[in-house]
Amino acid sequence: MSQIYIAEITAYDPALPGARTLRYCTGTGYTSGAGDSPAHTFYEPRIEQPANMQRSLASGGGTRGATRVGYGELVMVNIDGGLDGLVDYGFDGLGIVIKLGTLRPWQSPVWTTVLQGTMAQADFSWGQLTISLRDRQAELDKPLQTTAYAGNNALPSGVEGVAGDIKGREKPRLYGYGWNLEPVLVNTSRLIYQISDAALQSVSAVYDRGAALTAGSAYASQADMETNAPSAGQYRVWLAGGMFRIGSAPAGQITCDAVDGSTSADRTAAQLAKQIMLDAGISAGDISSSDVTALDGATAAEVGYWLSGSTSAKQALDSVLGSVGAWWGVDRLGKFRLARFEAPSGTPVAALTPVEIIKIDRIASSDAPNTVWQVNLSYKPFGVTQASDLAGSVSAARRAELAQPSRKVTASDISVKTLHALADTLEVETHLADATAAQTEATRLLTLYKVRRDTLSVRVALDADLASAVDLGSVVSVQVPRYGYNAGRLMRVTSIRTDLRGGVLDLTLWG
């Protein structure tokens with residue numbers, strides 16, 4: 001048996017104009033068979049380096065923190081200038097699929113997709129064409145909100161501001177809960193404010209200098225809101241437009257509390273993450289529905305995230321899913337995945353023994369170098385803090401709360417310091433909605449990190465079976481005669497570096 005790599009590249013051909021598929025392979029050339037798709041199609045032998053791609057659950061191959069977009073490159077031979085005609089093609093933002101085929105005499109190849117991603121750019125040197133690759137996480141490394149205020153109010157009418165105030169500013173968007181938010185004044189004549197450019201479930205409170213205004217009846221439409229002013233000291237809400245109007249000129253800073261999502265089941269981290277991906281242009285079919293269901297089953301904790309200003313979809317997902325200790329990423333087939341980070345358990349997808357392992361080393365974790373004895377976790381973050389200029393009617397307790405950006409809970413186990421005198425305190429920021437859920441998560445994280453955890457760097461030979469089984473978040477068993485691994489230690493894959501040219505996988509494992 002022998003192996004071959006093929007690449008199917010979607011590129012924009014300005015001569016069409018439109019997209020076309022370019023097909024290349026390693027070796028001496030390949031023509032697909034009758035049972036392949038597409039059938040009877042030639043793949044030109046140009047690939048020198050099939051792919052060198054790094055993907056991680058978190059930066060540095062750790063277990064927590066911002067998700068890292070995978071990058072790599074495909075290198076093709078062009079010493080004869082045969083690819084020069086592609087110099088005017090567009091590659092960036094379009095798709096690429098790389099497959100590993102096992103060729104067997106008198107049988108059709110068995111194909112395993114090892115990468116489905118996007119491309120950044122194509123660089124032509126004298127002898128090579130190098131295409132920069134990105135996994136599909138890069139599709140979310142862009143502003144989540146692109147709708148801006150038009151600034152075309154014909155005062156006193158309109159809810160888009162004027163050229164001299166908010167024109168060009170991104171509209172806010174609320175996912176789940178929002179606390180002490182500073183809404184955007186979209187009509188200075190009629191004192192109309194916007195919290196979200198999507199419909200809201202409720203606006204539970206509006207404050208002027210920290211003092212609560214009285215809620216009036218809800219508006220039925222924008223016209224109703226613009227026509228009918230609330231009474232002095234009141235606010236009235238137009239939920240479909242994510243707006244409210246106040247009845248008299250404010251004495252100071254206006255803030256509010258609001259809710260998006262019809263039920264608590266719509267405000268979980270899984271549901272908010274799904275909505276963020278949809279809003280960012282990811283199709284529903286490219287989001288793992290089973291992962292969303294599984295994360296909802298793991299935690300029903302409610303979350304709140306307010307988007308105000310230029311924030312990427314990636315940053316929003318990191319904040320929302322990080323609130324429940326979950327990660328997100330893209331698997332080798334290009335599907336968006338998400339899951340809560342847990343200790344490895346269950347049946348491993350692969351067993352790594354000295355037969356498969358080329359190199360192994362025990363390394364320090366990038367995010368938890370020492371055992372953890374205490375977790376400090378923040379929850380219920382305020383959109384703005386107010387330490388001064390508050391109304392005299394605001395209570396001392398409320399003043400103290402408004403001065404803090406978030407609330408905090410702690411979980412600790414002092415007995416950990418018996419064995420580990422220098423055990424760490426883990427500081428975690430979340431967007432969880434209540435103290436009970438926050439305490440549950442803090443306790444879970446303490447349980448996860450207070451015991452011995454090993455991080456391994458492992459290089460293994462790449463074959464089709466391993467390529468199809470191992471992905472980010474997978475659980476493998478490492479069985480070597482060191483550190484008590486004789487019977488096999490379960491480890492979770494936190495980072496994968498795929499070197500198709502060298503035929504190896506470099507894995508970072510945690511467990």
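One-based numbering along the sequence shown. All values below come from the heavy atoms of this structure, side chains included, with hydrogens, waters and symmetry mates left out.
- Listed by chain and number, the residues in a salt bridge (Lys or Arg N to Asp or Glu O under 4.0 Å) with R340 are E342 (sequence neighbours excluded).
- One side chain, Q194 or Y149, offers a donor N or O that lies under 3.5 Å from an acceptor on the other.
- With rounding to the nearest 0.5 angstrom, the OG1 atom of T371 is 12.5 Å from the OH atom of Y449.
- In this structure, CG in L505 is found 4.5 Å from CG in L462, a value given to the nearest 0.5 Å.
- Listed for the R453 side chain is no donor-acceptor partner under 3.5 Å among the backbone atoms of A343.
- Within the 3.5 Å criterion, the main-chain N or O of I4 finds no donor-acceptor partner in the side chain of K99.
- R136 is listed as a side-chain neighbour of F336, based on a closest heavy-atom distance under 4.5 Å.
- Distance alone, capped at 3.5 Å, is enough to place a donor-acceptor pair between the S32 side chain and the H40 backbone.
- We find that R46 and D80 are joined by a salt bridge, their nearest charged nitrogen and carboxylate oxygen being less than 4.0 Å apart.
- Within a 6.0 Å sphere centred on CD of E8, other residues, nucleotides and ligands contribute more than 12 heavy atoms.
- Nearest heavy atom pair, residue D260 against residue A199, reads OD1-O, 3.5 Å.
- Here the side chain of S474 pairs no donor or acceptor atom with the backbone of V493 at under 3.5 angstrom.
- By the 6.0 Å contact criterion, CG on L16 is enclosed, its count of non-hydrogen atoms from other residues, nucleotides or ligands being greater than 12.
- Proximity of M277 to L338: side-chain heavy atoms (C-beta onward) are separated by under 4.5 Å at one or more points.
- For Y43 and W111, the ring centers sit 6.0 Å or farther from each other.
- A cation-pi contact, defined as under 6.0 Å to the ring centre and within 45° of the axis, is absent between R489 and Y483.
- R332 contributes atom CZ, which lies 12.0 Å from atom CG of L472 (distance to the nearest 0.5 angstrom).
- Ion pairing between K335 and D291 fails under the 4.0 Å rule for side-chain N and carboxylate O.
- Residues Y379 and T430 approach most closely at CA-OG1, 3.7 Å, considering heavy atoms.
- Side-chain contact between Q137 and L140 is absent, with no heavy atoms from C-beta onward closer than 4.5 Å.
- Closest non-hydrogen pair, K142 versus E139, comes out as CE-O, 3.1 Å.
- Summarising the geometry of P17 relative to Y12, their closest heavy-atom pair is CB-OH, 3.1 Å, with the distance given to 0.1 Å.
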### Task
Test salt bridge (charged side-chain N to carboxylate O under 4.0 Å, His left out) on R134 and D141 and set out the steps.
CA-CA 11 Å; R134 304 179 296 184; D141 198 8; over 6 Å; no
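- Here L83 contributes atom CG and N78 contributes atom CG; the two are 4.0 Å apart, rounded to the nearest 0.5 Å.
- For the pair F91 and L22, the minimum side-chain heavy-atom distance is below 4.5 Å.
- Side chains of S323 and Y305: no donor on one and acceptor on the other come within 3.5 Å.
- A donor-acceptor contact under 3.5 angstrom links the side chains of E427 and N376, judged on distance only.
- Between the OG1 atom of T498 and the CG atom of L133 there is a distance of 11.0 Å, given to the nearest 0.5 Å.
- Proximity of a side-chain donor or acceptor of Q271 to a complementary backbone N or O of T268 within less than 3.5 Å is not detected.
- Residue L456 forms a side-chain contact (heavy atoms from CB on, under 4.5 Å) with just one option from V476, L507, V478, T494, and that option is V478.
- Within the 4.5 Å cutoff, no side-chain heavy atoms of Y175 are placed close to those of V303.
- Looking only at distances, a side-chain donor or acceptor of T41 sits under 3.5 Å from a matching main-chain atom of A39.
- The closest donor-acceptor contact from the side chain of W306 to the backbone of I195 lies under 3.5 Å.
- Side chains of D13 and Y89: a donor on one and an acceptor on the other come within 3.5 Å.
- Side-chain atoms of L352 and I360, non-hydrogen and from C-beta on, never get closer than 4.5 Å to each other.
- The shortest distance between side-chain heavy atoms of P348 and L490 falls below 4.5 Å.
- Minimum interatomic distance between L74 and Q49 (heavy atoms only, all atoms of both residues): CD1-O, 3.3 Å.
- Without hydrogens or angle criteria, E356 side chain to T353 main chain gives a donor-acceptor distance under 3.5 Å.
- The backbone N or O of L333 sits less than 3.5 Å from a side-chain atom of D331, completing a donor-acceptor pair.
- Each of R459, Q54, K359 was evaluated against D506; a single residue qualifies, R459, per the side-chain hydrogen bond (donor to acceptor under 3.5 Å, both in side chains) test.
- Closest non-hydrogen pair, P172 versus Q145, comes out as O-NE2, 4.1 Å.
- At least one side-chain heavy atom of I131 sits less than 4.5 Å from a side-chain heavy atom of L129.
- Using a 4.0 Å cut-off between a side-chain N of Lys or Arg and a carboxylate O of Asp or Glu, R173 and D279 qualify as a salt bridge.
- Rounding to the nearest 0.5 Å gives a distance of 11.5 Å between CD of Q116 and CG of D135.
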